[in-house]
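Comments concern the structure below.
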Amino acid sequence: MITEVAGQYNAQDLENRIRQMWEEAQTYRKVRENRVGKRKFFFVDGPPYTTGRIHLGTAWNKVIKDSILRYKSMNCFDVKDRPGWDMHGLPIEVKVEESFGFRSKRDIEAYGVDKFIQRCKEFALRQKDDMTAQFKMLGAWMDWDDPYMTLKNEYIEAAWWTLKKAHEHNLLERGLRVVNWCPRCQTAIADSEVEYWDETDYSIYVKFPVEGEENTYIVIWTTTPWTIPANVAVAVNPTFQYSKVRAWKDGTAEELIIASDLVESVLKEGRYKDYELLGTLSAKEMQELKYTHPLQDLVPGQKSIKHGVYAADFVTAENTGCVHIAPGHGLEDYELGLEMGLDIFCPVGEDGRYTADAGERYIGKYVKEADGDVILDLEERSKLLAQGRLTHRYGHCWRCKTPIIFIATSQWFLRISDLRDKMLDEVSKVTWYPEWAGSARFSDWINNARDWCISRQRYWGIPLPIWTCPACGHIEVIGTAAELEERSGQKLVDLHRPEVDAVLLDCPCGGKMKRSPDVFDVWFDSAVASWATLHFPSDEKQFEEWWPADFITEGHDQTRGWFYSQLGASMVSFGRAPYKSVLMHGFTLDDQGRKMSKSIGNVVQPEEVVQKYGADILRFYVLGANAPWEDLHFSWDAVENTSRMLNIFWNAYRFALPYMILDKFDASKADLSKYQSSLRAEDRWILSRVNSLIEEVTRSMEQYQLHRIVRSISDFILEDLSRWYIQLIRPRTWIEQEDPDKLAAYATIYEVLVTLSKIMAPFTPFLSESIYQNLVRGLDPNAPQSVHMCSWPGPKKELIDKRLEASMALVREISEAASNARQKKARKLRWPVLEIVIAPCKDDVDLDNLEPVLKGQTNSKKITVLSPGEKPKMKLEMAPVHRKIGPVHKGDAKLVVEALRIADASKIKRQLDEEGEAHLSIGDKSYTITREMVQFSELPPENLSAAEFSLGFVYVDITLTPELESEGYSREIIRRIQDMRKELDLRVEDRISAVVDIESKPILDLAMRQKEHIASEVRAAKFELGLGLELKGKLVKDWEIEGVCVRIGIDLI
RNA sequence: GGGCCCGUAGCUUAGCCAGGUUGAGCGCACGGCUGAUAACCGUGAGGUCACGCGUUCAAAUCGCGUCGGGCCCA
């Protein structure tokens, strides 16, 4: 049984009901089981970090995933859809630290690492549960009962196994490197964890005294005075020329060495009054210089260092052209240092404070606060040439926002820079949506790939499974828990710190190997997701069956993140990309394109949208707002629009239900094949359109052009279904007998709605399910239990008729033009017109059996299609051209003009055409009229109103006849009675009695001709029409129709 | 400094890959429709398709450059 539905589309109620139904019937599980053994579609979920709240971007991300998975499932794929959770790492440590008011690692150690880990774990698990509920609310169907979690032993093993592989392939390396260092978190952080924003720093010019030359200095520039104590060299560009100048300031002179092109600007910075050029030095000559450190007396570590000048390509023609090199504090500095064999001097500890190597003056000072001291000390020693402030982009720890520093520390690296070419090759084999995400953006990132620092000096993470022997330096990487148990004889319940720290292994040399105390960079966790999610390495069978992933999709920030980390990890362990296709999507921004942030107060919670509008509306909105790979500018207005659109769909769905129920529409009547001979052209048209729609949606879906899908579906619903087809079939639904014409319309709209419920199922799963349950399951209890178990509908090609679609498009255009023309002459659509004339300019108008439709929609008695170029009979207008008449007829010009005004234009034209001139007689005089004295124009006659359409013009003949007027008045009366029925809240099938009193006799006579028609249209069993009638009934109203008072009384019988 | 993306009506955008009359929605004004009705439709006003140069019979679309915005990198 089909049942009637609520008046308004109430998404919340509907979604709650459907959610409950799915829950009770275990629908999700059944849908997936339904496809077991079919073609495999391995999707890997990029694990969201367990922050506790999903934001709009996360919601969008999961909606995209869910829509695609539902689509694949309908297309008979056995879908792997394990969701994931990224649960380790600094963000959670920072949150837990905050909750206890901890300020440093020392606080954590004092509290107890075991308890701290426990808190982190509890925190992550709680957040995961909260977020799961939010994802479910969006209708995201994934395996929520069995997600992969990075904190599970099994997952940790996947990371261990991968590192062991890297070690076996000789890609794991320990080394002193300059890394991004967060002094607060006291750990190395990855390039991808550095957040840049503007910061104002010192900008100083320092003079380094040249050895063996009196009062001579190399001038360098830096924004980090605190790195001066660690200076070991100066770099110059091998292609630059340098100058030695004598410069005067405050009555004294000194000799300065600066890149030639920059002398003027540097001296200006230093406020020198004057200077003279002493000579130039080539880069080669520069490299022969030695200098002494400007703070040599303060920094004892500097005593043993030889300071020289070296060539480096990275030196640019900015500032002084001489670059201060501190290999302990800069990436390029370090690399230069390595190349040139310089000391890697780093007098700064992990806490960001100077060590004893920096000397008494600086020891214990936090480097970012020591800038002032360094400047002061330089000034005291007359080594400061100038100082100022500079605003520039500076890196910060992405979690605690502390400015990062560069320090040289000992870390573990994956040597993936060696794999660069292979990675590029793999990237080109992956299918990217859009194409440039891979070929341009990602490839560019990989081209700049450096070795991956995977070690972090923290607690809450996957422990590095690297054991080293303090005695002989032997290294062993453990791949699984079982292997660890075998090697150590200890079985660990939990593989996290601190338990694992206590495990010692025997070294072949007889010593005891200890675990390297670091944990993994959290990016490494998710990097192994594609095999960890398959329970690899413990379950190799699943890996064989599923890996690599068919599809992943994430935001464009993941270019440097998960797309990359997965590729890196997969390259070291399997030598290939772990995914076959990638859809890169955008960011969610506010309606002005700004990032959503708490400080601006423009954050929109997905829950807020769901509560106001419903999950389907949020889903349909985010999918359709723009192309997936572009940033989404969230707009409440646009959500409102989406809501309105789906409400129209709801109304369209609801429209036919009462009639169908009334007519006991059942499975036997739903069979379209029975009505082949009764289908009208418009039925065949909408069936063609809906099948074309299937084609469009399928084609867009195969390219993940999600926005086009939403557009196609919306257009179909609004334009084809609601604004057109339903309008066309309304009269047929009012027929009261078992009429094949009516049943054909029912069967057609049924077919259309059921098809829509299927093709919308991936995108608006709740609404689709609800319609499907009513229309399909309501008639056939043996139909698949859920719309999501149905197969994706293939287009029925035999129903697609492009000619018919084109003709209907034309009919719509002509109807619009006709109503435009009516409006020009103020003739309402309710009033029929005699004729509509279609006059195409060039192309034939092919109405393809749609003339009745056009007649009905334009409310006209006759349709005439002219052949191209042909015009309806036009009225010729003629205007006198004064400046041509005047010179010829002089004093009589006025008379001539007047005569032309009343003359017969067509007669004049004929004379002109035939004889080249015309003659006008006024009184007894004759005047000659030449062609240039008049201007002709063709106008439609008074009774025709014209409007343009794409192929030409449409003319509406608005001549009134008594027949037309009679129909017009009757329709006016019908509409008002219908309005009153509505007011009394009557049901469609209710019968009424009606009395209509019309105060004007002529109009009454006109209406009288249609008495029977009016009575039947308004279902009046008793109907009186007259003048001076007594009005009775439950509802009596006075109306005014075309200036005439009409009083109507109706009552339910 | 480099890479990628974006720039179309007051706002949000479609069209761009595949060159051939820039199309919608919101808002505004006027009109219409009415058994889907707290809905809907039509018409109007509003576009140097960021700018410049080039390719072409033809450029919003392709190429080069400039400017502005975003993301990422250095």
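Throughout, a chain's letter reflects where its sequence line sits, starting with A, and its residues are numbered from 1.
Between A:Tyr564 and A:Trp452, the two ring planes are tilted [angle within 30° to 60°]. The aromatic rings of A:Trp432 and A:Phe442 sit tilted relative to each other, their planes meeting at an angle between 30° and 60°. Below 30°, between 30° and 60°, or above 60°: for A:His585 and A:Trp60 the angle between ring planes is between 30° and 60°, a tilted geometry.
Counting any heavy atom pair closer than 4.0 Å across all strands shown, A:Arg730 reaches a base atom. At the heavy-atom level, A:Thr733 lies nowhere under 4.0 Å from the strands shown. A:Arg827 comes within 4.0 angstrom of nothing in the nucleic acid, heavy atoms only. In this structure, A:Ala652 reaches the bases: a heavy-atom distance under 4.0 Å links it to at least one base atom across the strands shown. Counting any heavy atom pair closer than 4.0 Å across all strands shown, A:Glu630 reaches sugar-phosphate atoms only and no base atom.
Distance from the side chain of A:Lys828 is smallest to B:G32 among B:U43, B:A14, B:G32. Among the nucleotides B:C4, B:C26, B:G2, the one closest to any side-chain atom of A:Arg441 is B:C4.
Look at A:His633 and you won't find any side-chain N or O under 4.0 angstrom from OP1 or OP2 of B:G69. When the side-chain nitrogen and oxygen atoms of A:Arg830 are compared with OP1 and OP2 of B:U34, one or more of them lie within a distance under 4.0 Å.
For A:Trp724 and A:Glu332, each mapped to the nucleotide of RNA chain B holding its nearest heavy atom, the one lying further toward the 5' end belongs to A:Trp724.
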* Bracket string, RNA chain B, 5' to 3' - pairs by Watson-Crick or G-U geometry under 3.5 Å, | interstrand -> (((((((..((((......[..)))).(((((.......))))).....(((((..]....)))))))))))).
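For A:Tyr750 and A:Phe665, the ring centers sit closer than 6.0 Å to each other.
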